[in-house]
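Numbering of ligands and ligand atoms starts at 1, following listing order. Worth saying up front: this structure is predicted, and the values here are computed from it rather than measured.
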Amino acid sequence: MSRLSIVAYVVGVVCFIVSCSFSVFYGYKVVTHQLPTEEKEPNDDRYHFVLIPEELDNDYWRLVEEGARAAAKKYDVLLEYTGPRQANFDDHLKTIEMSAAAKVDGIMTQGLSDEQFSPLINRIVEKGIPVITVDTDAANSKRLAYIGTDNYYSGFLAGKALIADTNGQANVAIITGSFNKNHQRQRVQGFKDAIQSEKGIRIVAIEESQISRVRAFEKAYQILQEHPEVTAFFGTSALDGIGVAEVVEKFNKQKQIYIIGFDLLKETQKYIRKGTIQATVVQEPFEMGYRAVKMMIDLREGKKVPSTIHTATRILRKYDLPPYLNNIKGVR
Ligand code: BGC
């Protein structure tokens, strides 16, 4: 082998080694840079909280979830959102029980009834897992805090709005989410108290929708058949007014029948714009979720939190609707 070919051979080997080292080095860098930086190990989160609504896929609850997720992201909390597919006491209670058994750091849920929910909430709190009620309170339980609407007052506001809008003359039918859930009962009671001294206003029927829009439709349909004298409806949960509006349009009675509903879901908005629903009671679901998570963190860190926080409630009519609501937080 000539000297020249030896030199060429050595240079070739050196180049090969250098290029291999570069590929290994940069290859490693590329791979490590491509590791998802956003994804955290569950252990990176400070706490594991669970939010359990009465119905998982209900648009109203998805707004509460959005608020809770926003806070969870901000404060590095692992948030689980789980519960019954369709409103059902047993499934709801079972989910709460299972979350407690999994030793989560905090449970946020509704206090739907004193008989069924309070004993379970009490047991869980006694075991050292904090419980906050959201949207619906079990005020006599040992829950550490409540955040949500003042449900009695919201029903009272609805009653006063109905009096004003109908000039104190109406035969009212009520469609309520449930006869035995705390918040629904309080809304109906507030409404009844508000209209109590109005001679021109009578409640002629009250039916349950089990918070289902289809059931609200069926009940409103049946009421209009059995009570043609009805001139106004009050729907006490998020999908009731929508179900009623469908029936009223079907009977083409938009001009004769007044509807006041609850919440401001996109469909409710649509019916308000069309003039089928005249008014709705607005709650703050996003805010409830957000603040519930924040309060839970405060509790975990030994800070004091108020025992009851009432989020804002107001009546909204067509002229209160801004032209575009799609980008507003809290509308779904
Ligand atoms: C209530 C929720 C309920 C929802 C049902 C809302 O008005 O605040 O508790 O689950 O209606 O659609």
A.B. asks: For atom 3 (C) of ligand 1, which protein heavy atom lies nearest, and how many Å away is it?
C.D. replies: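 Its nearest protein heavy-atom neighbour is Glu54 OE2, 3.3 Å.
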
A.B. asks: Does Gln110 come within less than 4.0 angstrom of ligand 1, counting non-hydrogen atoms of the residue?
C.D. replies: yes

A.B. asks: Below 4.0 angstrom, N of the basic side chain to O of the carboxylate: do Glu65 and Arg69 qualify?
C.D. replies: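 Between Arg69 and Glu65 there is a salt bridge, with a charged N closer than 4.0 Å to a carboxylate O.
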
A.B. asks: Does the ring center of Phe251 lie less than 6.0 Å from the ring center of Tyr221?
C.D. replies: yes

A.B. asks: For atom 9 (O) of ligand 1, what is the nearest protein heavy atom, given as residue, atom name and distance?
C.D. replies: Asp135 OD1, 2.7 Å

A.B. asks: Examine ligand 1 and decide if any of its atoms is less than 4.0 Å from a heavy atom belonging to Glu55.
C.D. replies: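 No, Glu55 has no heavy atom closer than 4.0 Å to ligand 1.
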
A.B. asks: If the threshold is 4.0 Å, N to carboxylate O, is there a salt bridge linking Glu207 and Arg215?
C.D. replies: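 No, no charged N to carboxylate O under 4.0 Å.
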
A.B. asks: Taking the six-membered ring for Trp and the single ring otherwise, decide whether the centroids of Phe233 and Tyr258 are under 6.0 Å apart.
C.D. replies: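 Ring centroids of Phe233 and Tyr258 are no less than 6.0 Å from each other.
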
A.B. asks: Are any of the N/O atoms on Ala238, whether in the backbone or the side chain, positioned under 3.5 angstrom from an N/O atom of ligand 1?
C.D. replies: yes

A.B. asks: For ligand 1, is there an N or O atom under 3.5 Å from any N or O atom of Trp61?
C.D. replies: yes

A.B. asks: To which protein heavy atom is atom 12 (O) of ligand 1 closest, and what is the distance rounded to 0.1 Å?
C.D. replies: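 Residue, atom and distance for the closest contact: Asn58 ND2, 2.9 Å.
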
A.B. asks: Which residue and atom name correspond to the protein heavy atom nearest atom 7 (O) of ligand 1, and how close is it?
C.D. replies: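 Looking at atom 7 (O) of ligand 1, the protein heavy atom closest to it is Asp263 OD2, 2.5 Å.
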
A.B. asks: Looking only at distances, please establish whether an N/O atom of ligand 1 is found under 3.5 Å from an N/O atom of Gln283.
C.D. replies: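 Indeed, backbone or side chain, Gln283 has an N or O that close.
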
A.B. asks: Salt bridge between Glu208 and Lys219, side-chain N to carboxylate O under 4.0 Å?
C.D. replies: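 Between Lys219 and Glu208 there is no salt bridge, as every charged N stays at least 4.0 Å from the carboxylate O atoms.
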
A.B. asks: I want to know if ligand 1 touches His183 in the polar sense, i.e. an N/O pair below 3.5 angstrom.
C.D. replies: yes

A.B. asks: Please determine whether a side-chain nitrogen of the Lys or Arg among Asp90 and Lys94 lies less than 4.0 Å from a carboxylate oxygen of the Asp or Glu.
C.D. replies: no

A.B. asks: Strictly under 4.0 Å, does any heavy atom of Arg187 approach an atom of ligand 1?
C.D. replies: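 It does; at least one heavy atom falls under 4.0 Å.
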
A.B. asks: Can you tell me if Lys270 has over 12 outside heavy atoms packed within less than 6.0 Å of its NZ?
C.D. replies: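 Yes.
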
A.B. asks: Does Arg185 qualify as a cation-pi partner of Phe179, given the criterion of NZ or CZ under 6.0 Å from the six-membered ring centre and within 45 degrees of its axis?
C.D. replies: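 Checked: cation-pi criterion not met.
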
